[in-house]
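Each remark here refers to the structure printed beneath this line.
All values derive from a computational prediction rather than experimental measurement.
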Amino acid sequence: MPTPARLESFIAAVEGGAHAQAIEDFYTEDATMRENQAEPRRGRSTLVAQETAVLERTESVTSTCVHPVLVNGDHVAIHWIFEFTFKGGSRMRMEEIAWQRWEGDRIAQEQFFYDPAQRKPS
């Protein structure tokens, strides 16, 4: 179960733009990450590589945690809003719920729930 301080450190890292580093610092080595009902991506190095690839296509990302964050033992639900500006000028706003299972002070499983229609840049 994450401590309140550990959870706030994770949120601060993401809001501060350190998305790939947050995966390095806060996820287990064998963590999984899943988009809606898609097949999960497995392994921290895979998750970091995927995040880095997304970030390389962006000019900027603004990440906002919408409080309250819900915690029940090892399970955490975070409401996120991400605003992307891609290289070339297109923009995308995504709102999602991240459902996480923590093992101690690291995230072992994460599933994102969002409307896929949001993924179309404008």
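Between His75 and Trp99, the two ring planes are parallel [angle under 30°; tilted spans 30° to 60°]. Phe84 and Phe82 have tilted rings, their planes meeting at an angle from 30° to 60° on a 0 to 90° scale.
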Audit row: Arg44, Glu24, side chain to side chain contact (heavy atoms under 4.5 Å, CB included) steps and yes/no: CA-CA 7 Å; Arg44 184 172 54 214; Glu24 286 282 356; 4.1 Å; yes

Chi angles and distances behind the side chain to side chain contact (heavy atoms under 4.5 Å, CB included) call for Glu29, Arg106: CA-CA 9 Å; Glu29 186 174 335; Arg106 291 186 175 263; over 6 Å; no

Steps toward side chain to side chain contact (heavy atoms under 4.5 Å, CB included) verdict (Glu103, Gln109): CA-CA 9 Å; Glu103 289 179 358; Gln109 293 178 314; over 6 Å; no

Residues Arg119, Met94; criterion side chain to side chain contact (heavy atoms under 4.5 Å, CB included); working and verdict: CA-CA 7 Å; Arg119 296 187 73 166; Met94 284 205 49; 3.8 Å; yes

Salt bridge (Lys or Arg N to Asp or Glu O under 4.0 Å) between Arg41 and Glu35, intermediate numbers included: CA-CA 9 Å; Arg41 296 184 299 277; Glu35 308 283 331; 3.2 Å; yes

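Residues Ile11 and Val66 fall into different hydrophobic clusters, defined by Ile, Leu, Val, Met, Phe, Trp and Tyr side chains chained together at heavy-atom separations under 4.5 Å. Residue Leu7 is not grouped with residue Leu70 when hydrophobic side chains (ILVMFWY) are merged at heavy-atom distances under 4.5 angstrom, including chains of intermediate members. Note on Leu55: it clusters hydrophobically with Phe112, by side-chain heavy-atom contacts below 4.5 Å among ILVMFWY residues.
The distance from atom CE of Met92 to atom OG1 of Thr85, rounded to the nearest 0.5 Å, is 10.5 Å. Going from atom CZ of Phe10 over to atom CD1 of Ile78 covers 5.0 Å, rounded to the nearest 0.5 Å. Rounding to the nearest 0.5 Å gives a distance of 10.5 Å between CZ of Phe113 and CD of Glu96. Taken to the nearest 0.5 Å, the CE atom of Met33 stands 9.0 Å off from the CD atom of Gln50. Atom CG in Asp105 sits 12.0 Å away from atom CE in Met1 (nearest 0.5 Å). Distance check: Cys65 SG to Glu8 CD gives 7.0 Å after rounding to the nearest 0.5 Å.
Closest heavy-atom contact between Val48 and Ala20: CG2-O, 4.0 Å. Of all heavy-atom pairs between Gln100 and Ile107, the closest is NE2-CD1, 3.5 Å. Among all heavy-atom pairs drawn from Glu95 and Arg93, the shortest one is OE1-NH1, 3.2 Å. Annotation for Pro2 and Trp102: closest pair CB-CE3, 3.5 Å, computed over non-hydrogen atoms.
With a 6.0 Å radius and a threshold of 12 heavy atoms from other residues, nucleotides or ligands, Asp115 has its CG atom above the threshold.
Among the candidates Glu15, His19, Glu83, the single residue satisfying the side-chain hydrogen bond (donor to acceptor under 3.5 Å, both in side chains) test with Ser63 is His19. No option in Ile97, Val14, Thr64 other than Val14 meets the side-chain contact (heavy atoms from CB on, under 4.5 Å) test with Trp80.
With a 4.5 Å cut-off on side-chain heavy atoms, Arg101 and Gln111 do not count as touching.
Between Thr32 and Arg42, the side chains place no donor N or O within less than 3.5 Å of an acceptor N or O (distance only, hydrogens not considered).
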